[in-house]
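Encoded as structure tokens, the structure appears first; notes follow it.
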Protein chains: 2
Amino acid sequence: MSVKFPDLNLDKQLCFSLYAASRQVTRLYQPLLKRHDLTYPQYIVLLILWQTDGVMVKDIGHQSQLKSNTLTPLLKRLEQNGLVSRKRAKEDERQCYVFLTDKGKALENECACIPMEMMGQTDMSLDKLMQLKSLLDEFLQLQEKHGG
Amino acid sequence: MSVKFPDLNLDKQLCFSLYAASRQVTRLYQPLLKRHDLTYPQYIVLLILWQTDGVMVKDIGHQSQLKSNTLTPLLKRLEQNGLVSRKRAKEDERQCYVFLTDKGKALENECACIPMEMMGQTDMSLDKLMQLKSLLDEFLQLQEKHGG
DNA sequence: TAGATTTAAATCGTGTGCGATTTAAATGGT
DNA sequence: ACCATTTAAATCGCACACGATTTAAATCTA
């Protein structure tokens with residue numbers, strides 16, 4: 001058994017590491033984001049909007065890999081906090097466009113220091129972080145190809 | 001700015017990739033675990049118990065990096081499903097030991113095929129998966145050292 | 001053009017995650 | 001022995017995630 005499948009345990013361990021690392025990163029972000037009354041998933045959505053303002057919920061979903069059942073309540077919270085506004089598209093009433101408010105746009109500058117602060121907390125070389133990202137992206141791409 | 005911090009965006013993107021990859025892996029596990037009425041975090045806890053039966057909640061917490069506020073309800077669900085039993089330690093009533101039931105022990109064999117099935121779904125070389133795990137573990141270790 | 005199908009969000013229910021607090025048991029210092 | 005402190009679980013509240021379903025709008029088709 002251990003000859004035929006020498007690394008049968010690897011995937012357990014890999015998934016375990018991935019799971020723990022992801023939550024650890026979220027924990028690292030939390031104190032930085034709390035200053036701006038943001039959660040980590042809210043920050044992810046804002047990163048998407050700061051890149052391109054006025055995006056459909058569907059497209060935010062595609063970029064973040066989150067569905068409307070997660071995004072709708074999250075976006076409502078961002079709206080309640082005055083960071084975004086949601087408008088139905090006139091040409092297709094099913095679609096909902098999300099726009100940054102002035103406050104939401106201003107927040108981008110206030111959050112500008114976060115990436116730097118995070119980098120400082122990782123203690124890993126830039127080279128290894130890039131390697132890590134590259135491997136994760138390869139995994140995600142293979143998944144997108146295979147899983148639709 | 002871009003000279004001094006050439007990859008300021010890397011960490012945004014890396015965290016994003018990590019976040020997406022972790023959830024993708026959970027999604028891959030779900031259909032396999034559903035057959036046994038398990039969630040992914042429940043499976044993680046069972047992996048720990050299959051390795052060593054009769055562990056304190058505290059130790060499960062240390063291995064899984066989950067606290068009692070997550071573990072207590074999760075363990076109660078496992079108990080309700082007849083997979084584990086929880087007993088207070090006689091020598092220290094604060095401590096709670098978790099034991100596998102016969103059903104819980106039997107489940108290990110039923111889940112034996114899961115790692116193999118998962119490996120088949122990743123489409124990545126063993127070499128790269130090991131690289132990935134190595135980088136994630138290095139990150140986690142640095143965090144444990146730094147963050148306590 | 002009426003009815004079936006597809007599509008985009010929203011809604012619902014369950015199970016995490018986690019900060020903060022609480023409860024109760026053990027321990028430590030005086 | 002007494003009381004403050006520490007420790008291990010449990011509890012509470014909030015915000016995700018996600019499968020499944022629903023709602024409503026657009027589109028396709030006979």
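Protein chains get the first letters and strands the later ones, always in sequence-line order, with residue 1 at the start of each.
The interatomic distance linking A:Y40 (OH) with D:dC16 (C1') rounds to 13 Å, in whole Å. Atom CG in A:N81 sits roughly 13 Å away from atom C1' in D:dC14 (whole-Å rounding). Rounded to whole Å, atom P of C:dG15 lies 13 Å from atom CG of B:L83. When rounded to the nearest whole Å, the span between CE of B:M56 and C1' of C:dA26 equals 13 Å. Between A:H62 atom NE2 and C:dA9 atom C1' the separation is 17 Å, expressed in whole Å. D:dA24 atom C1' lies 11 Å from atom CG of A:D92, rounded to whole Å. B:I60 places its CD1 atom 15 Å from the C1' atom of D:dA10, with the value rounded to the nearest Å. Atom-to-atom, OH of B:Y29 to P of D:dG19 comes out at 17 Å; the value is rounded to the nearest Å.
With DNA chain D read from its 5' end, the first of the two nearest nucleotides for A:K90 and A:L66 is the one closest to A:L66. Across the interface with DNA chain D, nearest-nucleotide mapping of A:L74 and B:Q30 shows A:L74 to be the residue nearer the 5′ end. Residue A:V57 is the one, among A:Q24 and A:V57, whose nearest nucleotide of DNA chain C lies closer to the 5' end (criterion: closest heavy atom). Each of A:L71 and A:R23 was assigned the nucleotide of DNA chain C with the nearest heavy atom; the assignment lying further toward the 5' end belongs to A:L71.
Of the listed residues (B:L75, B:L66, B:V45), just one forms a side chain to side chain contact (heavy atoms under 4.5 Å, CB included) with B:V57, and that residue is B:L75.
Remark: A:R86 is in phosphate contact with C:dA10, judged by side-chain N or O atoms under 4.0 Å from OP1 or OP2. Contact annotation: A:K58 reaches the phosphate of C:dA8 (side-chain N/O to OP1 or OP2, under 4.0 Å). Listed pair A:R88 / C:dA10 meets the phosphate criterion, a side-chain N or O lying under 4.0 Å from OP1 or OP2. Look at B:Q42 and you won't find any side-chain N or O under 4.0 angstrom from OP1 or OP2 of C:dG15. Checking the phosphate oxygens (OP1, OP2) of D:dT27, no side-chain nitrogen or oxygen of A:R94 falls inside 4.0 Å.
Using a 4.0 Å cut-off between charged nitrogen and carboxylate oxygen, B:E79 and B:K87 do not count as a salt-bridge pair. Here A:K103 does not pair with A:E108 in a salt bridge; the nearest charged N to carboxylate O distance is not below 4.0 Å.
Of the inter-residue distances, the one linking A:E138 atom CD with B:K128 atom NZ reads 3.5 Å to the nearest 0.5 angstrom.
Contact of the A:V55 side chain with the A:Y97 side chain is not registered, since no non-hydrogen atoms from C-beta on lie closer than 4.5 Å.
At a threshold of 4.5 Å between side-chain heavy atoms, the hydrophobic network of Ile, Leu, Val, Met, Phe, Trp and Tyr places A:L38 and A:F99 in two separate groups.
Taking only side-chain atoms of A:C96, from C-beta outward, the nucleotide of C:dA9, D:dA9, C:dC18 with the closest atom is C:dA9.
Note on ring orientation: taking the six-membered ring where Trp is involved, the planes of A:Y40 and A:Y29 are tilted (angle from 30° to 60°).
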Give me the distances for all protein-to-nucleotides 11-14 of chain C N/O pairs that come in under 3.5 Å?
from   : atom 1 : to    : atom 2 : distance (Å)
C:dT11 : OP2    : A:K76 : NZ     : 2.6

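One side chain, B:Q24 or B:R27, offers a donor N or O that lies under 3.5 Å from an acceptor on the other.
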